[in-house]
There are 2 protein chains.
Amino acid sequence: MELEVPKGMNQAGSEDPTDRSDVDPTKTPTIYDVARLAGVSHQTVSRFLRGYQGIRPETRERVLKALHEVDYRPNLAARSLTTGRSHRIGALTHEIDQVGPSKIAQGASIAAREAGYLLDIVTLDMSNRDAINQALELIMQHDLAGVLALSSTDEMTQAFEAADFRVPAYIAAEEDDARGGHPSEITSVGLPALLSHLAGLGHLRLLHIAGPTAWSAARNRVRAYERAVAKHGLGSHGVLYGDWSAKSGYDAIMSLKGPLPVTAVVAANDQMALGAMLALTERGYRIPEDVSVTGIDDIPEAAYFAPPLTTLRVDFATQGRNAVEQLLAQIEHLVLPPRPALPSRLVARKSTGPVGRNLSDLSGQ
Amino acid sequence: MELEVPKGMNQAGSEDPTDRSDVDPTKTPTIYDVARLAGVSHQTVSRFLRGYQGIRPETRERVLKALHEVDYRPNLAARSLTTGRSHRIGALTHEIDQVGPSKIAQGASIAAREAGYLLDIVTLDMSNRDAINQALELIMQHDLAGVLALSSTDEMTQAFEAADFRVPAYIAAEEDDARGGHPSEITSVGLPALLSHLAGLGHLRLLHIAGPTAWSAARNRVRAYERAVAKHGLGSHGVLYGDWSAKSGYDAIMSLKGPLPVTAVVAANDQMALGAMLALTERGYRIPEDVSVTGIDDIPEAAYFAPPLTTLRVDFATQGRNAVEQLLAQIEHLVLPPRPALPSRLVARKSTGPVGRNLSDLSGQ
DNA sequence: GAATTTTCTGTTACCGGAAACAAACATCGC
DNA sequence: GCGATGTTTGTTTCCGGTAACAGAAAATTC
């Protein structure tokens with residue numbers, strides 16, 4: 001008399017339902033391997049993995065045991081093939097020699113990780129159209145849940161508008177005053193506070209060293225600077241343009257002919273402020289006795305410049321986090337609670353001081 | 001009389017072989033869509049895409065046309081499901097507030113891109129074991145071609161040894177003196193050159209501000225420093241340990257009691273050198289008249305410190321590139337040509353100078 | 001206690017490619 | 001003129017999951 005073949009897939013002839021005979025140890029195990037081992041169907045394993053509740057405790061335990069035994073790890077390629085969704089986000093960021101962009105990327109990376117996503121980071125020159133298109137081409141092949149630009153330049157904006165991503169895309173503009181968005185803390189609160197700090201020290205004539213005009217952050221800062229100058233009734237010698245680097249800050253100051261026409265220099269980031277300070281020093285001005293200098297960002301080194309830099313603290317990590325959350329909201333069709341504005345705090349250090357008597361006459365000229 | 005149905009898959013009744021009738025425009029097209037449009041089999045399309053030569057020019061052209069018409073983009077999830085290989089590399093990097101790590105990541109990212117890979121970058125605290133394990137857990141799910149650690153700490157090394165990646169893994173130690181590898185340029189050539197520069201300026205008693213001991217780069221630099229001190233017959237006041245940050249360089253100098261026992265400070269990176277310079281200045285020492293200070297890395301800002309910093313230029317981008325190439329060699333079973341050593345060049349600026357007479361007596365004490 | 005519903009589990013089909021195999025056709029040699 | 005060979009293209013199967021459906025077992029109803 002024959003025993004009835006037990007139900008299920010286990011018909012290979014072994015009487016032990018937890019059959020491990022043909023599990024190839026060199027291959028990474030699949031749910032089929034786990035199913036065979038647990039004596040259930042692969043679908044039950046799949047259900048277990050996705051947290052389905054209607055599984056009998058007894059079955060559940062067998063699956064769990066089998067999962068551990070073979071040290072199962074899901075194959076996300078297969079999963080995203082069927083579900084049509086990946087858990088990767090493509091992130092474009094500017095070449096990271098600046099602290100800001102890399103901090104933003106870091107915050108974004110962490111936020112993505114918390115949501116179960118991984119960030120595919122591509123660094124490129126944000127103002128080089130060819131580089132952007134090339135990067136987009138690459139990124140679009142690697143099936144992604146969404147695409148993120150971690151900073152905003154004109155070229156990037158245009159490329160995003162022209163591209164056909166087929167997935168959600170988002171540009172993390174630090175500030176989007178021009179596009180009708182609510183202006184960021186930096187330009188609405190931070191820069192006015194900075195200028196008011198300078199006005200309070202008696203400075204009447206200022207100079208702004210801005211970032212490249214293609215960057216929306218740079219443009220917004222210029223506008224905010226000019227607004228604040230007007231509001232306090234100050235005079236501005238105008239705006240010089242750098243490229244965010246210390247060298248460009250240095251060059252900006254060196255390009256000024258004749259005696260310094262201002263008592264304070266407002267740089268759009270800390271690096272340019274650093275360069276400006278060196279140039280001023282070399283030209284014989286003492287900081288802050290003769291000229292005050294301010295930056296924006298408060299990079300970790302700013303407190304250790306000589307002299308320590310008065311600057312605006314910017315929360316880059318949160319900026320990156322917000323960007324990811326915005327994108328995820330699109331991906332997962334969530335409605336996002338209004339995010340609190342990013343505080344940007346004035347950090348007064350020794351690079352600003354009261355206008356010295358010896359130069360104060362300049363401020364009125 | 002009936003026309004014969006043309007061969008191929010195109011039996012849906014339309015007489016036009018380039019049938020586009022049931023291509024759903026909302027779905028991203030697949031090779032099957034392209035095949036139908038071109039009137040060939042999907043396999044022919046697949047062959048075309050992978051560069052197979054044995055396709056008749058006529059067929060080839062039809063496929064190409066169809067590809068363009070639907071703007072086909074390969075689904076890499078499907079591809080890596082069948083080939084069992086992905087084109088992504090998981091990269092672990094230290095929280096990127098330092099320039100070094102982020103430059104390395106950038107170089108790695110570019111090199112990966114050139115080879116058709118994308119870098120999944122995960123930032124973490126390289127000396128936090130829990131963070132490392134958590135990150136590894138995450139990236140092991142996202143099927144990767146390989147795993148890369150972009151800098152080397154003890155914790156990272158241990159975690160890598162314990163982990164079961166099932167894919168190639170590589171730790172990019174800047175230098176691996178301790179593990180028998182060929183020592184890097186920095187420790188074998190760069191630091192000796194730096195010390196010899198100081199010796200040439202008359203410095204006889206030095207202090208080293210090192211990075212955290214868990215970092216192999218920090219340890220190697222300490223060893224190289226001590227070797228070079230011995231070689232030149234110099235005296236060392238010893239080694240103080242920082243954490244790569246400007247603050248830790250500042251604190252290190254401030255922790256010294258009494259008058260400064262050395263005439264030159266050798267910091268293991270530029271940030272700590274910056275902090276050290278500020279502390280020295282606050283304690284009343286002039287740089288370089290009273291004390292010389294050197295860094296390592298040559299970050300872009302170093303040339304604009306006050307005073308500009310004498311340092312060793314390190315090629316981070318190439319370091320990252322090398323790491324990726326090493327990993328790819330493992331992934332694709334290539335034998336790598338021996339890579340040329342990374343040049344590390346001494347960049348002498350104004351933070352070093354001849355020993356001043358007023359303090360030179362200290363050097364012999 | 002049979003019929004019905006609910007709960008749990010198994011079967012089949014599919015995602016979009018690539019590999020293995022097979023067939024159709026052209027070319028060649030003797 | 002017919003098999004041998006080579007070139008080009010098509011068919012089937014598989015990768016490792018998930019979705020949709022179906023079937024069996026248990027619980028409930030009347």
[X] side chain vs [Y] backbone, donor-acceptor pair below 3.5 Å:
X	Y	answer
B:T157	B:T153	yes
A:R62	A:A38	yes
B:S109	A:V122	no

Looking only at side chains, do [X] and [Y] share a donor and an acceptor under 3.5 Å apart?
X	Y	value
B:S80	B:T83	no
B:S152	B:S216	yes
B:R113	A:Q134	no

Rounded distance in Å - [atom1] ([X]) to [atom2] ([N]):
X	N	atom1	atom2	result
A:L49	D:dG17	CG	P	8 Å
B:Q43	D:dC14	CD	P	15 Å
B:L67	C:dG17	CG	C1'	14 Å
A:R85	D:dA19	CZ	C1'	15 Å
A:R62	C:dT9	CZ	C1'	11 Å
A:L76	D:dG16	CG	P	14 Å
B:R73	C:dG17	CZ	P	13 Å
B:R36	C:dG16	CZ	C1'	13 Å

Would you indicate, yes or no, if C:dA18 has its OP1 or OP2 atom less than 4.0 angstrom from a side-chain nitrogen or oxygen of B:S46?
yes
Report the nucleotide, chosen from [options], that has the shortest atom-to-atom distance to any side-chain atom of [X].
X	options	value
A:T82	C:dG16, D:dG16, C:dA19	D:dG16
B:V40	C:dG17, D:dG10, D:dT18	D:dG10
B:A78	C:dG10, C:dG17, D:dG17	C:dG17

Hey, is the side chain of A:H42 pairing donor to acceptor with the base of D:dT18 inside 3.5 Å?
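Counting by modelled atom types and ignoring angles, a donor-acceptor contact under 3.5 Å is found here.
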Check if the side chain of B:Y32 and the base of C:dG16 share a donor-acceptor pair of N or O atoms closer than 3.5 Å.
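Absent.
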Is the ring pair B:Y117/B:H87 parallel, tilted or perpendicular, if the boundaries are 30 and 60 degrees?
tilted
Got more than 12 heavy atoms from elsewhere within 6.0 Å of CD, A:E114?
yes
CD (B:E137) with more than 12 external heavy atoms under 6.0 Å:
no
Classify the nucleic acid contact of A:F48 as base, sugar-phosphate or nothing, counting any heavy atom under 4.0 Å across all strands shown.
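No contact.
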Heavy-atom nearest nucleotide on DNA chain D for A:T30 versus B:T44: which residue maps closer to 5'?
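With A:T30 and B:T44 compared, the 5'-side residue is B:T44.
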Would you tabulate the nitrogen or oxygen pairs shorter than 3.5 Å linking the protein to nucleotides 21-23 of chain C?
none

Between the protein and nucleotides 6-8 of chain C, which nitrogen or oxygen pairs are less than 3.5 angstrom apart?
none

Contact nearer the 5' end of DNA chain C, comparing B:L81 with B:R50
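Its nucleotide being nearer the 5' end, the pick is B:L81.
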Please identify which of these residues, B:V45, B:L64, B:L49, meets the side-chain contact (heavy atoms from CB on, under 4.5 Å) condition with B:V34.
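By the side-chain contact (heavy atoms from CB on, under 4.5 Å) criterion, B:V34 pairs with just one of B:V45, B:L64, B:L49: B:V45.
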